[in-house]
Amino acid sequence: MRFTGALTSPRMRQILTPSGALVDEAPMDDALASRLYRAMVFARTYDRKSMALQKQGRLATYAPFEGQEAAQAGSAAALEVDDWMVGTYRDAAAMWMQAYPMELLFAGRTGHEHGGRVPEHVNVLPPSITVGGHMVHAVGLAWAERLQGSSRIALTYFGDGATSEGDFHEAMNMAAVQKVGTVFVCQNNGWAISLPTAEQTATETIAEKAIAYGMPGVRVDGNDVFAVYAATREAVGRARSGEGPTLIEAVTYRMGPHTTADDPGRYRSEADREEWVRRDPIERLRVYLSERGRWDEDWQMRIEEQASSEVERAIVLAESLRAPEPEEMFGAMFAEIPPHLAEQLAEAKAAP
Amino acid sequence: MRFTGALTSPRMRQILTPSGALVDEAPMDDALASRLYRAMVFARTYDRKSMALQKQGRLATYAPFEGQEAAQAGSAAALEVDDWMVGTYRDAAAMWMQAYPMELLFAGRTGHEHGGRVPEHVNVLPPSITVGGHMVHAVGLAWAERLQGSSRIALTYFGDGATSEGDFHEAMNMAAVQKVGTVFVCQNNGWAISLPTAEQTATETIAEKAIAYGMPGVRVDGNDVFAVYAATREAVGRARSGEGPTLIEAVTYRMGPHTTADDPGRYRSEADREEWVRRDPIERLRVYLSERGRWDEDWQMRIEEQASSEVERAIVLAESLRAPEPEEMFGAMFAEIPPHLAEQLAEAKAAP
Amino acid sequence: MTTTIAQALNRALDDALAADDRVIVMGEDVGRTGGVFRITDGLRDRHGGDRVVDTPVAESGIAGVGFGMAVAGMRPVIEMQFMGFSYPAFDQIINHVARIRNRSRHRFSAPMVIRIPYGGGIGAAEHHSESAEAIYVHTPGLKVVAPSRPSDAYGLMRSAIDDPDPVVVLEPIRLYRAVKEELADEPEFVNIGIASVENEGRDLSLISYGAMMKECREAVKRLTDDGISTELIDLRTLTPLDTEAVLSSVRKTSRAVLVSEAPRTAGFMSEVSALISERAIFSLSAPVRRVTGWDTVFPLKRSEHLYLPSTDRIVAAARSTVEESV
Amino acid sequence: MTTTIAQALNRALDDALAADDRVIVMGEDVGRTGGVFRITDGLRDRHGGDRVVDTPVAESGIAGVGFGMAVAGMRPVIEMQFMGFSYPAFDQIINHVARIRNRSRHRFSAPMVIRIPYGGGIGAAEHHSESAEAIYVHTPGLKVVAPSRPSDAYGLMRSAIDDPDPVVVLEPIRLYRAVKEELADEPEFVNIGIASVENEGRDLSLISYGAMMKECREAVKRLTDDGISTELIDLRTLTPLDTEAVLSSVRKTSRAVLVSEAPRTAGFMSEVSALISERAIFSLSAPVRRVTGWDTVFPLKRSEHLYLPSTDRIVAAARSTVEESV
Ligand SMILES: Cc1ncc(C[n+]2csc(CCOP(=O)(O)OP(=O)(O)O)c2C)c(N)n1
Ligand SMILES: Cc1ncc(C[n+]2csc(CCOP(=O)(O)OP(=O)(O)O)c2C)c(N)n1
Ligand SMILES: [Mg+2]
Ligand SMILES: [Mg+2]
C-alpha cells in the first residue's frame, strides 16, 4: 500500500462568501452574529490603535492581526467562559474574547510584566512568544481537567509556521493517543515572517496533517466567521464529550507586517494583499447583517465609538501602571523568595 | 472538508508469504536472494552470539534484533556502497551490510570508543543511541550530497517509538519541503521498550504519517525480504533521481527483549511472540530458495560455519583492542587539542 | 527496614500518590514495566493507569504536558529516562516550566517534579552517564536537589512533590542500590535548601552532592586515618544553595575541595568556588580546588575509570590542599 | 570604511560564501528578508537560494540538518533567530554536533557555525534577551566566541567558519549597530582562543566579553579619571578560554571584577572566578567580584534597567574591590 498526500481534495469549508452571501446554513442567530461583528470591530480598533501607538514609541514591537479577526473571534466564541485558551503573540482578539483584560494585553506590549497577571477566573495563559512550544500545554491543561472530573476543554492557537516545530507533532500525537479534549486551531495566514506556507510544508493544506495522528482535520475559510464558528463548535463538542482532539485550519491572511519591525515588501507583493482585501472578514458579515436589517451606519458609528473608548480606557490603565519594583522581579520567581534571591534583591536595591 | 485518518486501507505489501510462496513478482534474481539469505544467517548468528556474550559479561547492554533481519537486510541491499546510512542501536545487521566492520560493532558494545571509528570509505554513522535525533542527520547528509553534485542518497532507520519524537517530524518536513534524497525506514516492531504501538500513536499505521508531509508512504511486511527490498529500491530510485523522500514502514516484531536489561514478561505475553515465530523472515526465504533448488542442508551448514567464524574473528579483534589511552579521550574532542584539555590530560595522567 | 535509594524513591512516590489525588506519575516506561530502573515499580498496579502513565517517546511533550497539568492544578511527577534524554525537553523546562510564575506574576505556577537519573559508573552506552546539572542550576526558576542516601531521597522527593514550584530531582544512578539505610515507618520530609554536615572536621571542607558522595565518604575515612580532620558536606540541594553551610565550614577549616563528576568548565562547582572566593577569601589558607570530570564526552565502559573522580584523586587533592597552605 | 558589527558580520558571511563553495547559510528568514537583524542582507541575491536557505520554523531540524551537511563535507552556518529560540536545538547541539568527532574518533566531524544573537537591552519581548552562554561553554566539544567590536566580529566569524570543529558565535544584539570601527579592505582573521587586552592597568583587572564590553569601556574611563588604573580584558573567546591572559593580568593587578549579563549562579563568570581562585589566589588582595545579571527571568522593557549591569554598578564594584583590598 502506498499512501500519498493527494488523497482528498483540499476543499475549504465556507458558509458566508466574501460578498456576504450564505452558501450553507448559518450556525448562529442574528444576536450572536451581531455580537461577533461588534467584537471584530473592537478587535480591529485595538489592532490599528496598537500599530499607531507603536509608531509613537508607546508600545514595544507589535504583531498585528488585521485580516485574522474572524479566525479568532469565530473560534473563541465557541468556548465556554472557563475553558482554557493558549494562544500566541498574534491572538489578542481571541484572548480578549475569552476575558483577558485589554489593559493587560496593552501592559504586556508596553513591556510591563503585569500584563501576564490574568485575573483569577480567566483561564487564558499569557501569550506564547516562542513558536510551537505552547501547544503541548493545551494538551496538559485539558488532560488535567479530565482527571479532575471537569468538563473544561482547552483550545490552542498557532500559525502555519508553528506546524513545523517538533512540539506541534508531540502535542498532536499525545492528544490523539490519550483522546484529550484539546482543540488545535491553526491560523494559516500564508506566512511565517518571510516564509510562505508553500515552503513551510509540502502538503497542500495544514488540515491534512491531522491524518498523521488519527485525528479529524478540518479546513475552513478563516475569514468566514460562520465557518470558523461552526467548525470550532463541533470540535469543542467532541473535546467536551471525550471524543478527543481536532485540528482546525483556518485559512486567512496577515494583512500587515509580521511585526512592526518587519518589512513585508522584502518578501511579498502588494498584489497578493489586494486580493485579500476583497475577502475581508468584517465586511462580509456587515453585508450579511445589513441585508437582514441588523446593521446600519448609526450602529456602526456607535460600536466604533464604544470600541475607541474601550481601547482608550485600556491604554490609559496600562500606561498608568507604575513601573515594576525590584521586589516584584525577584519576588515572582518562586512562591517564596529564596535566600539567594533575597540577597540579590538587596544588592540590586543598593546598586547605584 | 474534513480529513480523517481512515482514508486508505492499511494494507501491507507482501511478495513472499510466511510459508514461502510468491504472491507477486520476485524483485530479485536467485543470486541476490541467496546472498540476502546468507546475510540474514550471518546477522542472526551475530545477534545470538551477542546475547550469549552479554550474558558472559563480555558485552555491555545489548539490543537484539532477532526477527528484524529481513527489514534490515532487504532495505540495506537496495543501497549503493557509498550511500549514507544512519541507524540506531538495533540496526547492526543493516550497518554491517553497508560495510560497517563487525569488529567495530562489537567494539562499541564492549564499551570501546574505537567502535565508532568507521573506515574512511564507509558512509555509515555510528549507531544513534538517542531515539529520534538522528533522522534529521540523514536529511542533511543527502542534501549536502545534492549540493555537491553527487548522486549519493541517505537512508535512515528508526523505530515506531521514534516517530513520536519532534525530530521525526522536523526531519520528514524538511526533507519533503526541500525534496531531499532521504529514505526513511521505520521498523515498526510493535514495541518501544514496554509501550505497544497502539499507545504510541492513534493511527493504524506508521506509513500514513507520510501524508502529513506530502511524501509517499509505503507499508510492507517487514519480515518479507522481497517486499522490503522492492519498496526500498523504489524509494532509493526516487531519492536518487531528485523526486524526494519516502517513508517506508516495515511491519515486524522484536522477538527478544528490548535490551539485555529488559524483561518483556512485564509487558507482553508469550503468545504474541509465538504468532511471530511463524512469520520468521529467514525461514520463508529458505523455503523459497529450496523450492528453486538454491538451498540444501550442506549449504546451510557451510554458511552457518562461515557466519560463526566471521563472528568469532570479529570478537577476537574487538576484544584484543588495547584499552583507550587518556590521550585518545582528550584528543578526540577537537581536531587539535586545546590548552585546557591538554592541561586536563596532564592532570589525568598524573592522577593517582 | 533497610532500604536502598531506589526503594526510598519508590516509596516516596507511592506515598505521595496515596496522599494526594493531584499527583500523577508520567514518563516513558514508568507504568507497566516500572521504569528502566524500577523506581516506579508497582505504582501502576496500585494507583491505576490514569495516574501512572506510560507516554509515547517524546520528552518535550512529556515536559510540556506535565507543565499544562501543573498549571491546571495537578502535581505531575515526570521522568526523563536518563539525563542525556532530557535535552529535548530543555526548551519546555527553561522557557515555560521555570518561567510561568514570573510570566504571570504568580497567577499561574508549575508545581511539578522532573525526575532525572544522572551520572556515570554503570558502564552504560553514550548519553546514559551525563551530569549536566549546571544547566538546570543556571536556569532561574527551578529548584534542584540531588540526594545521596535513602532518607534524603525519600524526604527530598516528598518535599519536591509538595513544593509550589518546579523541582528537578537528580537521582544518582550508581547509588540507586549501592547506599542503604534504615528508613523509619513514616520517614520524614527533608527541607529543600539545607545541606547536611555529614562529618565535622577542622582542616578541610570536602563538599559534594549526589553520586560522588560515596567516594567522598571513603576519602574522609582515609584522610582521617592520615590525621587530616575533614568536614564533609553533602549539599543535597543545589538550588537554592545552602551558602551558609558552605561558608561557615570554609571559614572554619580555611580549605575547600569541591567534588563533582560533571565536566569541569562552568560546572556547578565553579559556582561554589566563586561563592567562596567572593565571601570567604580572606579565610582561605589554600586555593579552592575542584575535583571533577573532564571537559570531554563521558566515555564508554572501558574508559570510565579515566573519567570519574576516584577516591584516590579526591584524597590526593585534599592532601595537596592541606600541604600547599600558607 | 566605518563599519558596524552587523555590517562586519554580513561581510564575513559574504566573503566566506565567495571564498568557499562548501559554505551554506541556513535559518529562519535569513534569505529573502536578510534576517530579522539584516545580518544576512543581500546574501541570497548574491549567492543564490541554494546557498542561502530560508528554512521552516524548526530549530532542532535546522541544527540537525546542518550537522548532517557538515558531516558530508559542507560548512554550514546556521542561525538561531534569538538565543531564546536555540533551546529546542539544544539536544542536537549537545548530543550530536559537539560529539560526533569523539563518537567516531575523528572519522567524522561537524565543522559548522551556530550563530546566536544574544543579550538584552533592546526592550524586546520575553525570550529575546537571553544570555545562556554558560550552557554552551559547559558543553564539551564546542568552541564559543563572543565578539564585541566589528574587527573581531569579522575575524572571529571567518575563523569560526574555517574551523574544523563546531563554533558557537554569540552576536551581541545591542552592539550590532552601537559599536563602529574602520575595517580594512581585506580584514584579518582573528584567532579563536585569544583574549584582547584593551587597556593596560595596574590596580584592577576588569574582565568581560560581548555585549557588556560597552559598559566596561565606559567604566574604565570613569575609573581612570578616579585614578584607578584599570586593565580591561575582552575575552572574545569563551571556549577555549585564554587562561593565561586572565591569570597574568590578575597576578599583576591583584584584583578582578568579572562582568557578564547572564544570571549569576553557575554563569560563565563563576568559571573565571573559580579559575582565578585555583591558580592565582595568593596574588589576590581582594575578593574576586562578579557583576552580573540576576537569577531571574530577563525582564521586559520597563524593568530592563533593573536587570542589566550598568556602568554604575561596574564602577561601584571596582571601587569597592580596590577599597576592600588587604
Ligand atoms: C521557537 C521559536 N523560533 C523562532 C521564533 C521567531 N519567530 C517569531 S514569529 C515566527 C514565525 C511564526 O509564523 P507562524 O507560526 O505562521 O505565525 P504568524 O506569525 O504567522 O502568526 C518566528 C520564526 C520564535 N518566536 N520562537
Ligand atoms: C531521546 C531518547 N529518549 C529515550 C530513550 C530511551 N529509549 C531507548 S530505546 C527506547 C524505545 C525506542 O523504541 P523504538 O523507536 O520503537 O525502537 P526499538 O527499540 O523498538 O527498535 C527508548 C524510550 C532514548 N534512547 N533516547
Ligand atoms: Mg503564519
Ligand atoms: Mg519499536
Side-chain angles (χ1 to χ4, degrees), chain B residues 84 86 108 113-120 122-123 125-130 132-148 150 152 154 156 165-167 169-175 177-178 180 182 324 328-329 331-343, chain D residues 21-22 24 26 50-51 53-76 88-89 91-92 95-112 140-143 163-166 192-193 237 239-244 275:
Chain B
W84 287 99
V86 191
E113 265 85 4
H114 194 79
R117 189 148 190 277
V118 189
E120 273 308 319
V122 174
N123 289 330
L125 293 198
S128 177
I129 306 296
T130 67
H134 64 291
M135 299 175 260
V136 281
H137 306 165
V139 180
L141 291 164
W143 188 344
E145 293 296 350
R146 180 175 74 196
L147 286 166
Q148 293 171 109
S150 132
R152 270 185 219 137
T156 180
E165 291 278 6
D167 274 359
H169 179 70
E170 300 194 11
M172 295 280 287
N173 186 52
M174 289 179 80
V177 163
Q178 292 284 344
V180 169
T182 302
E328 294 167 64
M329 184 170 91
M333 293 304 299
F334 296 97
E336 255 180 82
I337 190 165
H340 67 294
L341 283 176
E343 282 172 18
Chain D
D21 272 355
R22 298 171 305 171
I24 174 168
M26 265 199 339
D50 267 7
R51 299 188 62 205
V53 182
D54 282 321
T55 66
V57 188
E59 293 75 17
S60 185
I62 294 166
V65 166
F67 169 85
M69 285 181 170
V71 167
M74 303 290 292
R75 295 274 166 151
D91 175 58
Q92 284 293 336
N95 270 337
H96 300 292
V97 173
R99 296 192 180 186
I100 186 65
R101 184 183 289 281
N102 177 70
R103 183 178 301 151
S104 70
R105 287 285 139 118
H106 293 288
R107 163 66 172 92
F108 299 112
S109 59
M112 63 193 283
L142 300 177
K143 297 181 181 177
D163 200 276
D165 286 298
I192 293 173
T237 293
T239 316
L241 182 64
D242 189 346
T243 52
E244 254 324 289
L275 180 80

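So you know, we letter chains A, B, ... as the sequences are listed, proteins then strands, and number each from 1. In this text the structure is predicted, and so the values were computed from the model without any measurement.
Interface residue B/Asn123: backbone and side-chain heavy atoms are both found under 4.5 Å from chain D. Neither the backbone nor the side chain of D/Met112 comes within contact range of chain B, judged by heavy atoms closer than 4.5 Å. Only the side chain of D/Pro56 comes within contact range of chain B, with heavy atoms under 4.5 Å apart. For a residue to count as touching a neighbouring chain, one of its non-hydrogen atoms must lie under 4.5 Å from one of that chain's; by this rule D/Asn102 touches chain B with backbone and side chain alike. In this structure, chain B has no heavy atom under 4.5 Å from any part of D/Ala70. Within the 4.5 angstrom heavy-atom criterion, only side-chain atoms of D/Asn95, from C-beta onward, approach chain B. When heavy atoms are compared at a cutoff of 4.5 Å, D/Leu241 does not approach chain B at all. For D/Ile192, no part lies near chain B; criterion is any non-hydrogen pair under 4.5 Å.
Ring orientation note: the planes of D/His96 and B/His137 are nearly perpendicular, at an angle over 60° on the 30°/60° scale.
Side-chain contact between D/Phe108 and B/Pro126: present, with at least one pair of heavy atoms (C-beta onward) separated by less than 4.5 Å.
Between chain D and the residues B/Pro324, B/Ala332, B/Ala144, the largest count of heavy-atom pairs under 4.5 Å involves B/Ala332. Contacts with chain B were tallied for D/Glu244, D/Arg51, D/Arg103, D/His106; D/His106 has the most, counting heavy-atom pairs under 4.5 Å. Ranking B/Leu341, B/Thr130, B/Val139, B/Leu125 against chain D, the residue ahead of the rest is B/Leu125, based on heavy-atom pairs under 4.5 Å.
Listed by chain and number, the residues in a side chain to side chain donor-acceptor pair (under 3.5 Å) with B/Asp167 are D/Ser60, D/Gln92 (sequence neighbours excluded).
In the displayed structure, B/Gln148 atom CD is contacted under 6.0 Å by more than 12 heavy atoms of other residues, nucleotides or ligands.
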Could you list the donor-acceptor pairs under 3.5 angstrom formed between side-chain atoms of residues 113-120 of chain B and any protein atom two or more places apart in sequence or on another chain?
unit_1, atom_1, unit_2, atom_2, d
B/Glu113, OE2, C/Leu300, N, 2.8
B/Arg117, NE, D/Arg105, O, 3.0

